[in-house]
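Notes follow once the structure below has been shown.
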Amino acid sequence: MSINCAAVDRLIDSMSFTQKVGQLNQRLLGWKSVERNAAGRLVASDELKQEIDRWGGLGTLYGLLRADPWSGQHWGNGIRPEERTEAIAVVQQTVLERGAHGIGVLLSEEAPHGHQALGGTVLPTNLGLGATFDPQGVQEAEAAVAAELAASGIHIALVSGLDIARDPRWGRCEECFGEDPLMAARMCEAIVTGMQGEHRSKVGHGGVAVVLKHLAAQGEAVGGRNGQSAVLGPHDLHEIHLPPVAAGVRAGALGFMAAYNDIDSVPCCANPWLLKDYLRDQLGFDGIVMADGLAVDRLEDMAGSIPAAGRAALLAGVDVSLWDEGFTRLEEYADDEQVVAAVDTALRRVLELKAMFGLLPEDGADTAAIAMPSADAIAQATADGREQAKRMAREAITLINDGQSAATLDDIRSVIADAQAGPVIVAGPFADDFGCFLGDYTAPLPVDEQSSVYRQLMARLGEDRVLLAAKPSDAPADQWARASTVVFVCGSTSERSYDSEFDDNGAAKAVTEYGATCGEGVDLSDIRLPWRQDDMLGEVAALTTAPIVSVAVCGRAHVLTDVLERSAVTIWAGYAGQYGPQAVADVLVDGADMSGRLPVTLPAYPAAIPVRYNDRQSAAHVYKDAAEPILRGFGYGAGSLAAVTFSEMHADTQSHPGEVLVQVTAHADDHGAAGAVNLFAHVSGGRRIPRLAMLVDSVYMDLNAGERRDIAFHVPCDRLRDVGDGQVQVTCTLDGDSTHTVTATLPGEY
């Protein structure tokens, strides 16, 4: 929908200062805006009515459909899929009836890996999606999620994507696409294009506005402690943490969320350089900046008071608050010319976004004519989302160890397929667990949609063949002796229970002994597998001679050294989403290929961290007690592409000005292959200590059996050099394979 700038101007001129401030607030928790009457119908709550009356309208409403332990919403009391239309109609009609200017309310929802609502699609978390190295696949999956949101009457999707996993102690690593800025940038572009369409073409037409979070460098927090200081220089800020931001702007993102952390002592939500000079002036961003939940109020110590905190955030470039009181106190600055001007600027951005969704009254009308959700459209979009979730779960599965003992994955598959072989024992704390695959920010799924690795294998192989042993003592000794295969499901979980304790922003506050071990608020000082799982695996190995397949369900780079040593095969599954158990069974029973690659470096020791592939100095042979601190490197994957051979690699610096063109020929074996082929570069000859490696391009390919294909990598020269004099030598390596390396010299000054 086109924006009528004159109509926006008239609205702004007609509003009181209080009404203007109200449009910038997102204070009310959406699930508290409706309640059920005696007949069980949804009606507007007094809290919603009071908020509208206070401001003469409502700017943005957060989480109307959200369901999870923090909100307390579940299948017994929350808004079910078939009730979404009713809930949206109640809220919008109440806002239009009680508001002063006939303006509808923007509805924002959490969608970090699918819609966090009852019945919503659950994709793999970003760390799982990062393992696919498939931006096009992510774009299609996010488009399906956006269609579900839009069909449900939602306008804004709050989506993680900007964070880079720099320290595995940080509980929110699962929300990162990995440790590489280029892949994170491509995934952010995929999110925006999928949800908003090319050139924002779907906004208001089957798509939603994306608010990318978190801006910026939250993954750099000292010690992996959530929301704390990011201590880094401007070069690393731009090289590691800001590429996804720039990519989001290029793709047309309509929003960014300012993070909790500070960068060199300046809080992100009160950082005018970050939110104005860089984001708007340098990148040309024209959408809204939203503060993270209660982040404005957390400025009180810096600013001196809650009202001053609101003023500081507003003047730094925040347009919309989230849950805080600071923006509600902007009324106290009605005589402050700076605040008055900044409120008008932010208000214009909010109203322009509302215009895109038809939330402003048309010329001559008293109120906006807001289209209500369609139950059929919701059902169709949800079905499409489920198919995308299945596909992405399969792509996320990554083979990180094969044939450690005499048995290979192919051998184990043959044994599993042999109905006359001994029992298959599914062991480990997550053997019969579903929630471990889902990640944080997930609504409860219906019981009939829940599964586990044990239940999937039992359904395919028969309940007489598959045994469950969450603990080694759960199966008798004779069954361990007879076992043909052991599937050990280990890792971590972000699942919260409904009796968990939370901070005021929804982060985990207290975690029980066997509660969440990952996610927001669950930073760890020890990244070994929790609950002594390594010891448990040792007990299993002592009980049986059967080959062990370990399935690591992880939201961070846990230490898997013992797992690899004791397992014939190790599969890394990230948090693969609601179809994660099916994807694992597809691999083990149906012989599905594994195209995934590790999106993070796996450390070999718990204290030899952080280690990243793109560090400037190697950690090898530094620690006297941990000579080789890396267990598996970024991009490692021994799956379907392992059988592809490459030849005729060469580099061209002449044909395409401003880039290095690297070409190589790929040959598939008799089975074909799919997955990403990555190109890494090492640069020397500049004025800085070079990184050990940089991912400079990645091409996702799908080869038929026996197919031969030429692959071209396009590497922009500005990624390879800094301003200075002289020549830069670039060594390009294919997926860490030193047998496929070319060296090129960039000509001219740089």
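Owing to the predicted nature of the structure, the values given are computational and were not obtained by experimental measurement.
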- Item | Partners passing side-chain contact (heavy atoms from CB on, under 4.5 Å) against Ala67 (at least two apart in sequence or in another chain) | Gln73, Leu118, Ala443, Pro444
- Please identify each residue that fulfils side-chain hydrogen bond (donor to acceptor under 3.5 Å, both in side chains) with Glu83, with sequence neighbours left out. Arg36
- Member of Leu28, Leu106, Leu158 meeting the side chain to side chain contact (heavy atoms under 4.5 Å, CB included) criterion with Tyr62: Leu158
- Any donor-acceptor N or O pair under 3.5 Å, side chains Gln456, Ser451: yes
- Minimum heavy-atom distance between Ala389 and Tyr579, given as atom pair plus value: CB-CD1, 3.7 Å
- Query: Between Thr382 and Gly119, what is the shortest heavy-atom contact and its length?
  - Reply: CG2-O, 3.6 Å
- Query: With sequence neighbours left out, what residues match Ala131 under side-chain contact (heavy atoms from CB on, under 4.5 Å)?
  - Reply: Thr398, Trp572, Pro599
- Under the ring pair (Phe, Tyr, Trp, His ring centres under 6.0 Å) test, which residues partner His155, sequence neighbours left out? Phe357
- Message: Please evaluate residues Leu61 and Ser33 with respect to the criterion side-chain contact (heavy atoms from CB on, under 4.5 Å), reporting the C-alpha separation (whole Å), side-chain torsions for both, the decisive distance (0.1 Å), and the verdict.
- Response: CA-CA 9 Å; Leu61 181 65; Ser33 65; 3.7 Å; yes
- salt bridge (Lys or Arg N to Asp or Glu O under 4.0 Å) partners of Arg80, counting only residues at least two apart: none
- Item | Any residue meeting side-chain hydrogen bond (donor to acceptor under 3.5 Å, both in side chains) with Asp68, in chain and number order, not counting sequence neighbours | Arg66, Ser71, Gln116
- Message: If the condition is salt bridge (Lys or Arg N to Asp or Glu O under 4.0 Å), which residues does Asp384 pass it with, not counting sequence neighbours?
- Response: none
- Message: Filter on ring-ring contact (aromatic ring centres under 6.0 Å, His included), then keep only pairs touching residues 110-152, sequence neighbours left out; what's left?
- Response: Phe133-Phe634
- Task: Indicate yes or no: does Glu148 engage Arg84 in a salt bridge with an N to O separation below 4.0 Å.
- Result: yes
- Looking at residues at least two apart in the chain, or sitting in another chain, which of them share a ring pair (Phe, Tyr, Trp, His ring centres under 6.0 Å) with Phe177? none
- Note on the structure: With sequence neighbours left out, the residues meeting side-chain contact (heavy atoms from CB on, under 4.5 Å) with Cys188 are Leu162, Leu212, Pro244
- Message: Tell me every residue that passes side-chain contact (heavy atoms from CB on, under 4.5 Å) with Glu140, counting only those two or more places apart in sequence or in another chain.
- Response: Gln136, Gln388, Arg391
- Message: Can a side-chain donor-acceptor contact be found between Thr125 and Glu174 if the only test is distance below 3.5 angstrom?
- Response: no
- Are the charged groups of Arg200 and Asp286 less than 4.0 angstrom apart, N to O? yes
- Task: Apply side-chain hydrogen bond (donor to acceptor under 3.5 Å, both in side chains) to Ser698 and list each qualifying residue two or more places apart in sequence or on a separate chain.
- Result: Asn678
